[in-house]
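As the structure is a prediction and not an experimental result, all values here were calculated from the model.
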Amino acid sequence: MIIIHATMHVNPEKTETFLQEIQPLIEASRAEAGNISYNLYQSAEKENTFLMAEVWKSPDAVASHNQSDHFKAFTAKAQEFLSAPFVNANLIIDHLVVHCS
């Protein structure tokens with residue numbers, strides 16, 4: 001099992017656009033065979049900070065997701081509404097290896 005937490009800092013003027021653009025990504029990602037869960041959370045302390053909490057069955061499922069059309073479409077648009085680059089933290093449960101970047 002792979003757990004990914006992707007932190008996104010959104011430009012305050014682009015929050016509505018971000019929320020509209022991310023919905024197709026969430027829906028399509030949840031439909032992927034290797035997905036266990038895919039949830040977006042907004043920080044209670046930092047208004048324009050969001051966390052995508054993802055759980056995948058395997059590294060192959062993550063690789064497939066990263067090559068999916070819906071993921072590529074979202075990441076191609078992300079610079080339009082993000083105020084900073086993505087921050088990812090990955091935890092690989094089945095191998096007990098922690099990777100943070």
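Counting heavy atoms from C-beta on, the side chains of H70 and S29 come closer than 4.5 Å. Between I22 and F81 there is no side-chain heavy-atom pair separated by less than 4.5 Å. Within the 4.5 Å cutoff, no side-chain heavy atoms of V62 are placed close to those of E54. Within the 4.5 Å cutoff, no side-chain heavy atoms of L82 are placed close to those of N11. At least one side-chain heavy atom of L19 sits less than 4.5 Å from a side-chain heavy atom of L40. In this structure the side chain of W56 never reaches within 4.5 angstrom of the side chain of I36, judged on heavy atoms. Looking only at side-chain heavy atoms (C-beta outward), M8 and M52 come within less than 4.5 Å of each other. In this structure, the side chains of P59 and I2 come closer than 4.5 Å at one or more pairs of heavy atoms.
Between Q42 and E47, the shortest heavy-atom distance links the atoms NE2-O, 2.5 Å. When every heavy atom of L25 is checked against every heavy atom of H65, the shortest pair comes out as CD1-CE1, 4.1 Å. Smallest separation of non-hydrogen atoms from I3 and V55: CG1-CG2, 4.2 Å. Here the closest heavy-atom approach between residue N39 and residue S37 is recorded as ND2-CB, 3.8 Å. A pairwise comparison of heavy atoms in S64 and E32 identifies C-OE1, 4.3 Å as the closest pair.
With rounding to the nearest 0.5 Å, the separation of CZ in R30 from CG in N35 is 8.5 Å. How far CD of E13 is from CZ of F18: 15.0 Å, rounded to the nearest 0.5 Å. Once rounded to the nearest 0.5 Å, the distance linking CD of E21 with NZ of K14 reads 10.5 Å.
I4 and Y38 fall within the same hydrophobic cluster, defined by Ile, Leu, Val, Met, Phe, Trp and Tyr side-chain heavy atoms under 4.5 Å apart, directly or through other members. Clustering ILVMFWY residues whenever any of their side-chain heavy atoms sit less than 4.5 angstrom apart, transitively, puts I26 in a cluster other than the one holding Y41.
For N66, the CG atom sits in a packed shell: over 12 heavy atoms of surrounding residues, nucleotides or ligands are nearer than 6.0 Å.
Here E27 pairs with nothing under the salt bridge (Lys or Arg N to Asp or Glu O under 4.0 Å) rule; sequence neighbours left out.
For the pair K57 (side chain) and A33 (backbone), a donor-acceptor distance under 3.5 Å is present.
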